[in-house]
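Everything on this sheet refers to the single structure shown next.
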Amino acid sequence: QVKYENRGTYFTYTAQLDDRADATSAIEARLKRALQHEGFVLHYQPVIDITSGRVASVEALLRLAGDRDQLIGPDQFIPIAEAAGLIGQLGEWVAVEACRQHNAWRKEGLPPINIAINVSPLQFRQRGFAQRLQAIVQAAGLDPSCIQIEVTESTVMGNIDDAIHTLKGIRFSGIKVALDDFGTGYSSLSHLSNLPLDKLKVDQSFVRRLEHDNSSKAITMAIIALGRALNLEIVGEGIESEEALMYLAEQGCNLAQGYFISRPLSATDFTDWYRKRTTTCEVELSRRGPES
Ligand code: C2E
Ligand code: MG
Ligand code: MG
Ligand code: MG
């Protein structure tokens, strides 16, 4: 039978081998319904500037509404959406919703919050992807630099010339680009310097092992040095401890994301988190008094 397993931020859909085909078609049916009836939700994970402690951006992370108020995580349904030919539609929903939320936060009195959205390989390779994204951002009346896309190495390395063309179009419109999960794919380092990018995200598999494993430390250090040499901003993701945050800061990583800072939050929880955080920072600053 299909059951849910609590993974902290959402529930994972698990099934026995014989039930897997059933589970897949159940999710596919749920995806189709969700596209028609607002069955998706975006959660937002803060990314902070390590030096100033300010919120630099949030990453939008997609969830599918399951039974009994439970949410299903993207690893469970993105591959199914791709196989079912639904990823283009789904990706557009994400972009529209992120822009809507950006404007909603501004109406609530928050400063402009930069939002990163994840783009799957199939979606990225669809013809007209850059133009459609640009049109969505424009229709929402947003400054394009408030939106960033995250693509993985495999997304861009497969067909490097086409990828460069698409990325150039996106960046030309003012939208930012980050290379996600860096270090796990099959990037050719010589190609990396040709890619039009703004940010490099150090894969969390290294960051999460920093305290336990010297080779993860070495790899993280090398990735940060590489990114800096290429003039990219560097995001450490999967930061679960103060030690990991300190190590990344020492190595010159400028942006940080992970459970140690905050888990992904619903839009309203983010508003609360943001307001509380800003107040605490102000209190700390006033306690410290004016700079001498
Ligand atoms: P990602 O883009 O690398 O996103 C980071 C993932 O790591 C998120 O998982 C986040 O919840 C998790 N994470 C963040 N900090 C920590 C930490 O400190 N510890 C641990 N253990 N995990 C942490 P999530 O939300 O399950 O997303 C998984 C993947 O699904 C994402 O990886 C991304 O590739 C994909 N995804 C998410 N939203 C979308 C979307 O809207 N469209 C597409 N195409 N893919 C998406
Ligand atoms: Mg990402
Ligand atoms: Mg990642
Ligand atoms: Mg990932």
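We count ligands from 1, going down the list as the structure has it; atoms in each ligand are counted the same way.
- Looking at Q148 and S57, their side chains never bring a donor and an acceptor atom within 3.5 Å of each other.
- Against a heavy-atom cut-off of under 4.0 Å, G258 is close to the following atoms of ligand 1: 15 (N), 18 (O).
- At a 4.0 Å cut-off, at least one heavy atom of E59 sits close enough to ligand 1 to count as contact.
- Side-chain contact annotation: T155 with T152, donor-acceptor N/O pair under 3.5 Å present.
- Summarising the geometry of I136 relative to C99, their closest heavy-atom pair is CG2-SG, 4.2 Å, with the distance given to 0.1 Å.
- Both the backbone and the side chain of L61 come within contact range of ligand 1, each with a heavy atom under 4.0 Å.
- The contact set between ligand 1 and P264, taken as ligand atoms under 4.0 Å from a residue heavy atom, comprises 11 (O).
- Remark: E59 CD to I115 CD1 distance equals 11.5 Å, nearest 0.5 Å.
- Using modelled atom types, one side-chain atom of R132 and one backbone atom of R127 make a donor-acceptor pair closer than 3.5 Å.
- In summary, no N, O or S atom of D181 is located under 2.8 Å from the Mg ion (ligand 2).
- Using modelled atom types and a 3.5 Å distance limit, the side chains of E211 and S241 yield a donor-acceptor pair.
- For CZ of R125, the number of neighbouring non-hydrogen atoms (other residues, nucleotides, ligands) closer than 6.0 Å is greater than 12.
- In this structure, T271 contributes its side chain and A267 its backbone to a donor-acceptor pair below 3.5 Å.
- Among heteroatoms of the N, O or S kind in E59, OE2 lies nearest the Mg ion (ligand 2).
- At a heavy-atom distance under 4.0 Å, only backbone atoms of I239 (N, CA, C or O) approach ligand 1.
- Ring pair W105/Y44 is perpendicular by interplanar angle, where above 60° counts as perpendicular and below 30° as parallel.
- Ranked by closest heavy atom to atom 19 (N) of ligand 1, the top entry among R208, E240, E237 is E240.
- The atom of E150 nearest to the Mg ion (ligand 2) is OE1, with the search restricted to N, O or S atoms.
- Note on E237: counted as a metal contact of the Mg ion (ligand 3), an N/O/S atom lying under 2.8 Å.
- The distance from the CG atom of L62 to the CZ atom of F77 is 4.0 Å, given to the nearest 0.5 Å.
- Counting heavy atoms under 4.0 Å from ligand 1, residue S120 touches it through both backbone and side chain.
- Within the 4.0 Å heavy-atom criterion, the part of V94 lying near ligand 1 is the side chain and not the backbone.
- The N, O or S atom of D180 with the smallest distance to the Mg ion (ligand 2) is OD2.
- Side-chain atoms of H37 come within 3.5 Å of backbone atoms of R33 as a donor-acceptor pair (strictly under, hydrogens ignored).
- Within the 4.0 Å heavy-atom criterion, the part of R63 lying near ligand 1 is the side chain and not the backbone.
- Side-chain polar atoms of Q251 and K217 form no donor-acceptor pair below 3.5 angstrom.
- The part of D180 lying near ligand 1 is the side chain, judged by heavy-atom distances below 4.0 Å.
- Taking every heavy atom of D181 and a limit of under 4.0 angstrom, the matching atoms of ligand 1 come to 3 (O).
- Under a 4.0 Å criterion applied to the non-hydrogen atoms of G238, ligand 1 contributes the atoms 16 (C), 17 (C), 18 (O).
- In summary, no N, O or S atom of D203 is located under 2.8 Å from the Mg ion (ligand 3).
- Between the choices E150, Q257, Q204, Q45, the shortest heavy-atom distance to atom 5 (C) of ligand 1 belongs to Q204.
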